[in-house]
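Here is the naming used below: chain letters follow the sequence lines, and residue numbers restart at 1 for every chain.
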Amino acid sequence: MTLEPEPAGEREQVLDWVVRHAARLGDAGSAPLRRITVSTATVAIGVEWSPPGPPGAAPPPTPERADDTAADPGPDTTLLVTAPMVGTFYRAQEPGAAPFVEIGDLVEAGQQVGIIEAMKLMNAVQADRRGRVSRIVAADGTPVQYDEPLLALLPHDGH
Amino acid sequence: MTLEPEPAGEREQVLDWVVRHAARLGDAGSAPLRRITVSTATVAIGVEWSPPGPPGAAPPPTPERADDTAADPGPDTTLLVTAPMVGTFYRAQEPGAAPFVEIGDLVEAGQQVGIIEAMKLMNAVQADRRGRVSRIVAADGTPVQYDEPLLALLPHDGH
Amino acid sequence: MFTTVLVANRGEIALRVLRTCREMGIRTVVAHSTADRDSPAVRLADESIQIGPAAPRRSYLNPAAIVTAALQAGADAVHPGYGFLSESPEFAEICQAHGLTLIGPPAGVIARLGDKARAREFAVRAGLPVLPGGQGPASGAAEAARTADAVGYPVVIKATAGGGGRAMTVVHEPGAFTRAFDATRREAVALFGDPRVYVEKYLDAARHVEVQILADSHGNVVHLGARDCSVQRRRQKLIEETPPPNLPSATIEHLGELTVRAARMAGYVGAGTFEYVLDERGACHFIEVNCRLQVEHPITEMVTGIDLVREQLRVAAGQPLGYGQRDIVCSGVSIECRVNAEDPARGFLPTPGVIEEFVPPGGPFTRVDTHVAGDTRITADYDPLIAKVSVWAPDRAQALARAHRALEEFTIRGAGVCTDLAFLREVLAHPLFRYAKHTTSLVDQMMSTPLS
Amino acid sequence: MFTTVLVANRGEIALRVLRTCREMGIRTVVAHSTADRDSPAVRLADESIQIGPAAPRRSYLNPAAIVTAALQAGADAVHPGYGFLSESPEFAEICQAHGLTLIGPPAGVIARLGDKARAREFAVRAGLPVLPGGQGPASGAAEAARTADAVGYPVVIKATAGGGGRAMTVVHEPGAFTRAFDATRREAVALFGDPRVYVEKYLDAARHVEVQILADSHGNVVHLGARDCSVQRRRQKLIEETPPPNLPSATIEHLGELTVRAARMAGYVGAGTFEYVLDERGACHFIEVNCRLQVEHPITEMVTGIDLVREQLRVAAGQPLGYGQRDIVCSGVSIECRVNAEDPARGFLPTPGVIEEFVPPGGPFTRVDTHVAGDTRITADYDPLIAKVSVWAPDRAQALARAHRALEEFTIRGAGVCTDLAFLREVLAHPLFRYAKHTTSLVDQMMSTPLS
């Protein structure tokens with residue numbers, strides 16, 4: 001999930017596809033599914049399984065905290081907010097300030113959840129859709145690559 | 001199937017394997033099975049299907065003449081007498097003489113069925129086991145490579 | 001010498017640069033798009049950083065992403081390869097501003113020589129022969145048409161910011177001029193964001209010859225002979241050869257000396273190429289300068305024994321050139337064939353797809369530069385280059401036979417993927433090419449004659 | 001020139017010979033065993049003939065099968081490659097009797113120089129320095145023991161018909177002599193059907209240096225410099241280098257001249273190699289002649305630019321050599337690494353199996369000779385050689401770095417298949433090798449020191 005603009009219809013289709021097939025793909029690998037990458041237009045689909053052994057910094061398939069009680073649509077639908085560019089990830093507007101979001105926060109589509117600094121320019125990172133923050137993946141002040149996961153959200157379509 | 005000496009037990013095992021699996025292998029290719037090569041000791045197994053289109057000089061899976069009425073064990077068991085060396089294949093002892101064997105002849109294991117001439121040496125080609133000649137594959141006086149089929153036999157274990 | 005070099009490119013050239021860095025003990029960081037995540041350069045690099053999506057505009061053409069990645073990785077230099085940002089004076093300036101050495105000429109030199117109209121003015125001052133044409137960019141269609149009339153048709157209208165054969169229009173008669181002028185300006189704006197164009201005499205049957213130079217920051221400039229690049233499709237090179245066949249060595253030597261003098265005058269540093277066209281009478285005319293490593297540099301390496309990337313790194317690090325002009329001996333003949341995923345029968349249309357079987361040629365005096373192995377996806381996002389096959393031999397006849405043999409044994413197979421392998425062999429066998437009587441129109445001549 | 005050449009070999013050398021034949025417009029017929037039915041040489045050949053089963057005795061070592069195939073295919077010449085029948089005077093005679101030109105020296109020359117005891121006698125007559133030892137084959141254990149006492153221990157007992165490091169026993173003290181003598185005779189009978197052995201001084205810490213020559217049937221003989229082949233395991237070469245490092249060029253030149261004189265005296269025709277050992281004081285001693293192309297010929301090709309197979313074919317066809325001694329200029333340094341399917345940790349035991357993934361190195365001044373691609377079966381029937389990686393550079397330091405880089409990027413993967421890639425890199429990095437102080441005992445020294 002990137003901030004690359006896409007036709008909404010196609011995006012919905014692809015998300016739907018991922019949800020429906022994730023479990024089956026998970027069974028296909030000897031280790032748990034680690035990442036599903038779907039690019040549209042050129043239709044490049046990448047499926048990556050975890051390396052065997054202790055899990056690293058990869059996002060877990062299930063949220064660590066189950067404090068999101070409202071209409072949990074299940075672990076397979078966890079959404080990742082990924083880095084829209086290479087740079088340094090900051091969780092707050094300035095050093096010492098409160099982070100834009102914390103675990104458990106409900107964020108709206110388009111809401112700022114962090115900053116990527118690249119060449120002294122501060123670029124806002126926005127949530128792609130509505131959801132509740134289930135995990136902070138990238139630590140404050142760390143360098144991130146393009147498309148690297150920053151936060152995990154559980155979709156939240158209720159009120 | 002070559003004239004390479006092999007322990008009889010192993011050879012029987014391999015033949016048994018080929019018979020049991022031939023039909024299944026035949027189904028696997030889009031064209032009819034052309035050749036199954038099984039080498040023992042190093043266990044190299046080669047399966048070759050006919051090229052699509054009109055059949056060439058390859059041995060047919062079934063005998064052309066059905067004049068072998070006695071205990072026909074079915075087409076899958078056709079045995080090939082192959083060239084034990086590279087050279088020129090002759091069907092007769094000398095030009096103008098009667099061929100060693102003709103289609104329909106019953107040959108005994110060890111019976112001479114042709115000659116391979118290599119560097120002016122005439123090498124006898126012998127049948128590996130008892131059987132009835134169902135097809136002459138290599139024409140008289142033609143160059144043949146090692147392991148190239150010369151004759152097809154239908155095994156004949158009765159009296 | 002540098003500690004860490006960031007390679008800001010992809011495909012075979014990323015691998016090419018990485019190889020020399022490795023051999024020199026320099027740490028390599030490969031900046032890559034999502035599409036190149038599993039490329040051999042990424043696999044072999046000491047570190048890799050994903051800088052953007054497949055679209056070049058957001059990855060390999062994105063100065064901010066590349067500089068950020070270089071700083072993140074602690075790189076002290078950036079190698080831009082060819083294409084993408086390799087000739088962008090702005091990128092050179094950004095690198096400099098962030099304390100990164102861009103492996104290439106100084107930003108000012110790129111700006112001066114990369115602008116085609118300015119380069120032409122410079123060439124006139126430097127005493128290089130140029131084709132008749134306008135003085136600098138045309139101020140308008142009417143003035144440009146007068147220039148065209150003065151030099152005589154055919155003429156070519158070129159974007160001053162152009163490159164790669166794009167935003168260039170050949171005009172054969174005055175009636176077509178104004179429309180072509182406007183179209184080229186529009187194309188120049190669309191492609192390069194710069195409407196300036198200029199007019200020059202066009203040679204229908206010309207040979208394209210270029211001189212390779214190396215220059216250090218201590219004022220030493222040498223040339224490494226010339227390459228013939230006349231076999232082109234859609235103004236892009238297919239086959240290159242050194243030395244240019246049927247060209248007197250005195251002519252090559254003279255062109256080399258002229259080029260060295262001009263490069264010194266321009267304050268050139270690094271590896272560079274001065275391009276010329278030769279008319280039917282053998283007269284040379286300056287066309288443009290490429291301020292970077294060329295795709296076809298391997299053939300110069302094969303005849304000189306000099307690793308051009310190594311020299312690029314050395315001079316960028318402030319070291320003097322490892323070779324004086326007298327140390328450079330060109331021996332034998334070398335030919336490069338560009339193997340592309342494209343269909344010659346459909347106007348060399350790229351044919352992206354997945355390459356399933358890939359067995360490159362090998363053996364004596366045969367070099368293959370490729371980023372492809374089995375199961376490599378060739379995407380439509382980038383140049384369709386699959387591999388460069390370069391051969392060397394003591395003479396041209398043997399080099400042609402070797403190139404033919406190498407192409408013949410190259411196996412590339414994949415659903416939907418076409419290659420130009422068979423077409424390249426046809427060129428090698430063509431009588432005009434065999435007798436070295438070919439010009440840049442050879443491919444068009446071949447395509448207009450139906451294959452028997 | 002020949003119309004059709006039958007290649008009576010397999011693996012990379014079959015492909016190597018085929019490539020040059022192709023380039024010279026010569027039709028190629030590849031004779032192959034059932035195991036090599038799907039090899040690239042068979043695929044690329046104009047014609048192929050299956051001559052026998054996998055067992056070499058009935059295929060590649062079977063003169064009748066090869067000659068019959070050659071006559072069947074209408075070949076006018078046979079190229080034996082290296083190993084197998086390449087140094088069999090009987091095979092050379094059979095070819096001749098059937099009107100086939102064997103690409104190699106005349107049968108009489110092979111007979112004279114291929115017999116180690118006779119070659120030693122010849123060397124003495126030709127003025128080549130030899131190691132102290134017996135005059136001809138030993139007549140019995142007692143006489144041989146007296147020779148050993150006279151030259152001083154350690155000594156080596158060698159089969160006169162031997163080759164490839166087999167039927168050779170090093171004896172360190174008199175008490176062990178008789179038993180070793182008898183064992184070597186038995187081995188010589190078993191391997192070569194010839195019980196004759198001879199005794200020679202053995203050098204523990206020696207360098208193995210060989211001189212490449214080319215000779216035509218018009219009396220012209222040239223040398224192409226020397227190769228150092230001291231890195232050996234089980235007396236078989238692993239890494240070869242030219243020129244030999246740390247050896248004065250005057251020594252190499254002198255050895256070259258001695259060798260040319262001896263080859264001329266022997267009536268040599270074709271490509272050949274004279275092998276020498278150098279003791280700690282740098283003194284050279286003749287060991288043997290290889291009457292064929294060597295595995296390691298690519299490094300000589302890389303420094304001289306001469307295609308040795310092409311010259312072999314030319315002189316076998318009666319043409320004069322294309323090069324005089326003055327035309328031969330050796331430039332730079334070249335190193336070959338033999339990549340084998342074997343396990344260095346288990347005494348270099350071959351590890352046959354199927355290679356699933358195979359990505360050879362590429363790039364500047366890097367040559368790969370291989371018959372392997374993805375899904376190639378390495379069988380126990382033949383030599384475990386997978387690929388030869390040869391590199392060139394202007395100097396030794398760069399050549400070592402390049403070889404290291406090339407080995408590092410070589411990907412070979414398959415169930416059960418081990419390679420010596422990592423071990424080769426260890427050798428390249430070893431201080432003794434770096435400083436060119438290594439001898440033929442280097443690998444043993446490395447193996448006796450456990451890997452950290």
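- By the ring-ring contact (aromatic ring centres under 6.0 Å, His included) test, C:F358 is found to be paired with C:F410, residues two or more places apart in sequence or in another chain being considered.
- Heavy-atom distances place the backbone of D:P361, and not its side chain, under 4.5 Å from chain C.
- Of the listed residues (C:L44, C:L15, C:V359), the greatest number of heavy-atom pairs within a distance under 4.5 Å of chain D belongs to C:L44.
- Looking at D:V368, the atoms closer than 4.5 Å to chain C (heavy atoms on both sides) all sit in the backbone: N, CA, C or O.
- For chain C, the nearby part of D:P394 is the side chain; its heavy atoms alone come within less than 4.5 Å.
- In this structure, the portion of D:I306 lying under 4.5 Å from any heavy atom of chain C is its backbone and not its side chain.
- Interface remark: of the candidates D:G332, D:G362, D:A401, D:G362 forms the most heavy-atom pairs closer than 4.5 Å to chain C.
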All inter-chain donor-acceptor pairs under 3.5 Å (chain C, chain D):
residue	atom	partner	partner atom	Å
C:R19	NE	D:G362	O	3.4
C:R19	NE	D:E409	OE1	3.0
C:R19	NE	D:E409	OE2	2.9
C:R19	NH2	D:E409	OE2	2.4
C:E23	OE1	D:R402	NE	2.9
C:E23	OE1	D:R402	NH2	3.0
C:E23	OE2	D:R402	NE	3.2
C:E23	OE2	D:R405	NE	2.7
C:E23	OE2	D:R405	NH2	3.0
C:R43	NH1	D:T411	OG1	3.2
C:D307	OD2	D:R402	NH2	3.0
C:R310	NE	D:Q398	OE1	3.3
C:G362	O	D:R19	NE	3.3
C:G363	N	D:V368	O	3.3
C:V368	O	D:G363	N	3.3
C:Q398	OE1	D:R310	NE	3.4
C:R402	NE	D:E23	OE1	2.9
C:R402	NE	D:E23	OE2	3.3
C:R402	NH2	D:E23	OE1	3.0
C:R402	NH2	D:D307	OD2	2.9
C:R405	NE	D:E23	OE2	2.7
C:R405	NH2	D:E23	OE2	3.0
C:E409	OE1	D:R19	NE	3.0
C:E409	OE2	D:R19	NE	2.9
C:E409	OE2	D:R19	NH2	2.5
C:T411	OG1	D:R43	NH1	3.2

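- Counting heavy-atom pairs closer than 4.5 Å to chain C, the top residue among D:P364, D:G305, D:G322, D:A373 is D:P364.
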